[in-house]
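A short write-up of the structure that comes next.
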Amino acid sequence: KKEKQRKLINNMNQKPYIIEKVYVETPVDTDGDGKKDLIAVYLRLPKEVEEGKKVPAIYVANPYMLTCNEDWYVPHNVDCEVKAFPAQDIKEEDICFDYEAYEKKITSTVFEERPTMGCVEHAPIDAEPEFECVCEAYEYFNERGYATVLCGGLGTRDSEGFTLTGSREEVLAFKAVIDWLNGRCRAFTNKTDNIEILASWCTGNVAMTAKSYLGTMCIGVATTGVEGLKTIIPEAAISNWYAYYRTGGLNLPAIGWQGDDLNILAKYCFSRAKDPEDYENIKEAYAKAQDEMIQAQDRATGNYNRFWDERNYLNLVDKIKASVFIVHGINDWNVKTNQCIPFFEALEKQGIPAKMMLHQGEHVYIHTLKGSNMLDIMYRWLEHYLKGGDNGIEKEPAVLVESGSDQSVWMASDTWPPKGWEAETFPISETGDGVIVDDLSSTVYDRSADNLGEWLDELVLNDDAEYKNRMKYIWDPFAEKGTSAHTKEAEENIRISGTVKVSFDAAIDRETAILSAMLVDLGDAKRITAEEIKHPDGTYSFGLEAEASKYKVISRGWINAQNRSCIWKKEEIKPGVSYHYEIDMVPTDHVLDEGHELALILYGIDAQATQRPDTVTTITVDQASIHAIVPIVR
């Protein structure tokens with residue numbers, strides 16, 4: 001049998017690797033059939049394993065991998081009111097998820113045991129299926145002595161179980177693959193014959209990497225503290241699912257994806273449904289699981305709760321044993337920097353070896369970004385943590401930030417924000433009451449045209465005295481400031497690095513409201529775009545605007561007025577009574593060029609990000625109470 005397998009391996013296509021497929025036994029039974037769910041795993045093994053050489057593994061947990069249910073992706077309606085609630089008596093302990101008790105419950109369940117009817121060392125297949133969202137860079141590492149392990153996970157095509165996005169079950173199922181690579185759990189050649197297969201080719205040293213949901217699973221699995229996971233390289237990854245789909249008690253997913261929610265992503269990735277015969281047997285149970293998810297995610301209040309606490313991996317950073325190399329786009333408004341920055345700060349606090357690269361792109365890989373040396377840095381990182389290479393990568397600056405003013409410049413520091421930053425107060429001279437009449441119908445926004453760009457232009461640039469949809473304040477931070485710690489004349493540029501915070505007192509004429517804040521770079525410039533310009537050497541850089549634009553939104557933040565004190569409960573708002581509000585904007589790193597100014601904008605409905613109610617709300621702000629802090633490096 002071994003000789004037959006070897007011949008099949010040798011007759012495979014001329015890829016720089018051997019292709020195999022196994023089914024890893026997970027510790028969970030999410031489809032309720034009384035058996036531990038099996039998940040399909042594809043292996044790309046360097047050909048030297050044929051001579052008995054052991055190699056480390058780069059593992060990608062990818063729920064998108066085996067196609068998705070495009071026709072099932074139906075966003076929730078966001079052209080609706082933000083509901084007002086009576087005061088809620090919810091305590092912090094009520095929303096805490098007990099990971100230890102939950103895992104004990106799962107592992108103590110008695111399952112029907114699969115017998116082992118034999119054992120082999122290889123399970124070759126003729127060819128891979130067509131994979132989605134699998135980065136080409138992994139072949140680069142296959143050629144350099146690394147195996148690639150690709151897994152769609154629970155509920156994906158040819159696997160068992162249900163997609164329960166971000167859940168502990170999903171994390172533990174993906175963890176099982178590392179356990180198998182280290183000989184701690186079983187895998188089989190198929191789902192019926194019970195022929196066990198060993199990962200005898202693996203050294204036991206594993207890295208997890210990839211972007212977005214895939215990178216998120218790197219973080220989730222790392223928080224289990226699984227032995228053998230030596231490092232993770234999460235790119236544009238989520239560390240807290242609540243902060244991805246909610247903000248401050250509001251339904252607020254990725255900009256450009258309004259109406260998205262976790263249950264929709266779970267449905268979208270449930271590619272097991274593409275097998276009609278299989279789906280027929282489990283569709284009722286899956287529908288029940290979907291209903292439970294819809295109830296638990298609680299779009300009605302938008303509050304943080306136990307469902308979201310389960311999916312907040314920041315709770316478990318102290319369990320991480322792997323080193324971490326974070327890669328994230330400063331201009332990524334899909335997975336925003338409010339995911340990578342709290343994660344990096346938590347790693348620093350725990351003393352976990354960590355590195356971070358912040359680039360000027362959006363939601364993209366930067367392996368071949370010109371001037372970044374990303375692929376080389378990643379290779380040396382893996383050589384050090386998976387093979388013990390003494391290449392000094394761990395002694396290099398912990399943080400690299402690509403300048404938004406000059407793409408050839410990467411600013412290095414030992415931490416983030418870099419040492420030397422100061423919290424400068426945005427000067428506001430106005431006093432008395434300022435009034436925002438939050439009425440989307442009075443703006444240029446047309447629901448049928450969905451002209452969000454025009455809406456944003458109007459919000460930022462309209463200075464007509466009759467335009468009441470926001471309050472706007474201007475500051476020239478280059479001007480000499482006699483009251484500031486900085487009294488020198490204009491610098492060449494200023495770096496805004498950190499989290500912009502704004503607070504104010506306001507009275508609302510209704511029982512609830514959306515409150516938003518924005519910091520804007522005002523000044524004509526040809527700014528970096530999301531366009532990727534390919535170069536003859538195979539690298540790319542980001543494009544520049546063909547014509548100068550008048551502004552760029554540096555950051556923004558939002559809050560449900562009823563969540564003024566915390567994110568897990570609503571508080572009463574009495575119309576006309578003034579309350580104190582605080583908004584932390586999304587962390588940013590932005591170079592403000594000389595001659596530009598900053599604009600602070602306070603407003604209500606964000607047509608690009610929040611729900612879009614028809615209600616007209618009047619928000620009266622005590623301008624003397626407005627306090628905005630901008631983190632600046634001069």
Is the backbone of Thr617 close enough, under 3.5 Å, to the side chain of Asp438 for a donor and an acceptor to pair up by distance?
no

Who pairs with His367 by ring-ring contact (aromatic ring centres under 6.0 Å, His included), at least two apart in sequence or on another chain?
Tyr365

Got a salt bridge between Glu160 and Arg114, using NZ or NE/NH1/NH2 to carboxylate O under 4.0 Å?
yes

Decide yes or no on side chain to side chain donor-acceptor pair (under 3.5 Å) for Glu169 and Tyr102, but give the supporting numbers first.
CA-CA 10 Å; Glu169 288 91 344; Tyr102 193 73; 2.3 Å; yes

Locate the shortest heavy-atom distance separating Leu66 from Pro129; write the atom from each residue and the value.
CD2-CG, 4.0 Å

Does one side chain, of Asn142 or Thr148, offer a donor that lies under 3.5 Å from an acceptor on the other?
yes

Would you compute the distance between atom CD of Glu235 and atom SG of Cys135 and round it to the nearest 0.5 angstrom?
7.5 Å

Reported CG-to-CD1 distance for the pair Leu515 and Ile605, which is rounded to 0.5 angstrom
11.0 Å

Do Gln562 and Lys83 touch side chain to side chain, with heavy atoms closer than 4.5 Å?
no

Taking all non-hydrogen atoms of both residues, which atom of Ile232 and which atom of Ala222 are closest, and how far apart?
CD1-CB, 3.9 Å

Out of Asn263, Ile294, Asp260, which one pairs with His76 under the side chain to side chain contact (heavy atoms under 4.5 Å, CB included) rule?
Asn263

Using side-chain heavy atoms (C-beta onward) and a distance below 4.5 Å, is Thr512 in contact with Phe85?
no

Quick check: does any side chain N or O of Asn62 sit under 3.5 Å from a backbone N or O of Met65, one acting as donor and the other as acceptor?
yes

Hey, mind stepping through Asn303 and Lys570 against side chain to side chain contact (heavy atoms under 4.5 Å, CB included) and telling me if it holds?
CA-CA 8 Å; Asn303 284 349; Lys570 297 286 188 280; 2.6 Å; yes

Please say whether the positively charged group of Arg44, taken as NZ for Lys or CZ for Arg, lies over the ring of Tyr42, i.e. under 6.0 angstrom from the six-membered ring centre and within 45 degrees of the axis.
no

Rounded at 0.5 Å granularity, tell me how far OG1 in Thr615 sits from CD1 in Ile514.
9.5 Å

Does Asn69 use its side chain to pair, donor to acceptor, with the backbone of Lys267 at less than 3.5 Å?
yes

Given Glu103, which of Arg168, Lys319, Lys175 fulfils the salt bridge (charged side-chain N to carboxylate O under 4.0 Å, His left out) condition?
Arg168

For Asp261, is there an ion pair with Arg246 - N to carboxylate O distance below 4.0 angstrom?
yes

Would the number of heavy atoms belonging to other residues, nucleotides or ligands and lying under 6.0 Å from CD of Glu93 be above 12?
yes

Less than 4.5 Å apart, any side-chain heavy atom of Trp201 and any of Glu121?
no

Close side-chain approach of Trp333 and Val586, heavy atoms under 4.5 Å:
yes

Please report whether the ring centroid of Phe162 lies less than 6.0 Å from that of Tyr286.
yes

Among Asn240, Ile264, Leu265, which residue meets the side chain to side chain contact (heavy atoms under 4.5 Å, CB included) test with Tyr245?
Leu265

Please round to the nearest 0.5 Å and tell me the distance separating atom CD1 of Ile366 and atom CD of Glu532.
10.5 Å

Enter the distance from Ser555:OG to Ile330:CD1 here, rounded to the nearest 0.5 Å.
11.5 Å

Donor-acceptor contact present, side-chain Arg564 to main-chain Ile573, <3.5 Å
no

Please check this pair: side chain of Arg612 against backbone of Ala607, looking for a donor-acceptor N/O pair closer than 3.5 Å.
yes

Quick one: does any side-chain atom of Tyr244 pair with a main-chain N or O of Gln339 as donor and acceptor, under 3.5 Å?
no

Heavy-atom closest pair, residues Gly161 and Thr30:
CA-OG1, 3.0 Å

Around atom CD of Gln350, are there more than 12 heavy atoms from other residues, nucleotides or ligands closer than 6.0 Å?
yes

Indicate yes or no: does Arg447 engage Asp614 in a salt bridge with an N to O separation below 4.0 Å.
yes

Tell me every residue that passes ring-ring contact (aromatic ring centres under 6.0 Å, His included) with Tyr213, counting only those two or more places apart in sequence or in another chain.
Tyr64, Trp241

Are there more than 12 heavy atoms of other residues, nucleotides or ligands under 6.0 Å from atom CD of Glu511?
no

Around atom CD of Glu130, are there more than 12 heavy atoms of other residues, nucleotides or ligands at under 6.0 Å?
no

Is a donor on one side and an acceptor on the other found under 3.5 Å between the side chain of Asn305 and the backbone of Phe307?
yes

Going from SG on Cys96 to CG on Asp309, what distance comes out if it is rounded to the nearest 0.5 angstrom?
5.5 Å

What are the two closest heavy atoms between Thr189 and Ala123, and how far apart are they?
CG2-CB, 4.1 Å

Considering only heavy atoms from C-beta outward, does the side chain of Ile219 approach that of Ile238 to under 4.5 Å?
no

Name of the residue among Leu250, Ile583, Leu252 meeting side chain to side chain contact (heavy atoms under 4.5 Å, CB included) with Ile559:
Ile583

Using only atom types and a distance under 3.5 Å, with no angle test, would you say the side chain of Tyr313 pairs donor to acceptor with the backbone of Gly166?
yes

Minimal non-hydrogen separation, Cys133 against Leu214, with atom names
O-CD2, 3.6 Å

More than 12 foreign heavy atoms under 6.0 Å from NZ of Lys283: is that the case here?
no

Heavy-atom check, side chain of Ile178 versus side chain of Met208, under 4.5 Å
yes

Under the rule for side-chain contact (heavy atoms from CB on, under 4.5 Å), what residues qualify as partners of Arg306, not counting sequence neighbours?
Phe97

Does atom CH2 (Trp257) have a neighbourhood of more than 12 heavy atoms from anything else shown, all under 6.0 Å?
no

Does a side-chain heavy-atom distance below 4.5 Å link Thr209 with Tyr138?
yes

Test applied, side chain to side chain donor-acceptor pair (under 3.5 Å); reference residue, Arg272; option that passes from Thr163, Asp278, Asp158
Asp278

Determine whether a donor-acceptor pair (N or O, by modelled atom type, separation under 3.5 Å) exists between the side chain of Gln611 and the backbone of Glu81.
yes

Identify whether the distance between the nearest side-chain nitrogen and carboxylate oxygen of Glu25 and Arg186 falls below 4.0 Å.
yes

Short side-chain to backbone donor-acceptor contact, Thr231 and Ala322, under 3.5 Å:
no

Would you indicate whether the side-chain heavy atoms of His363 and Ser212 approach each other to under 4.5 Å?
yes

Closest non-hydrogen atoms of Trp558 and Ser516, given as atom of the first, atom of the second and distance, are CD1-OG, 3.2 Å

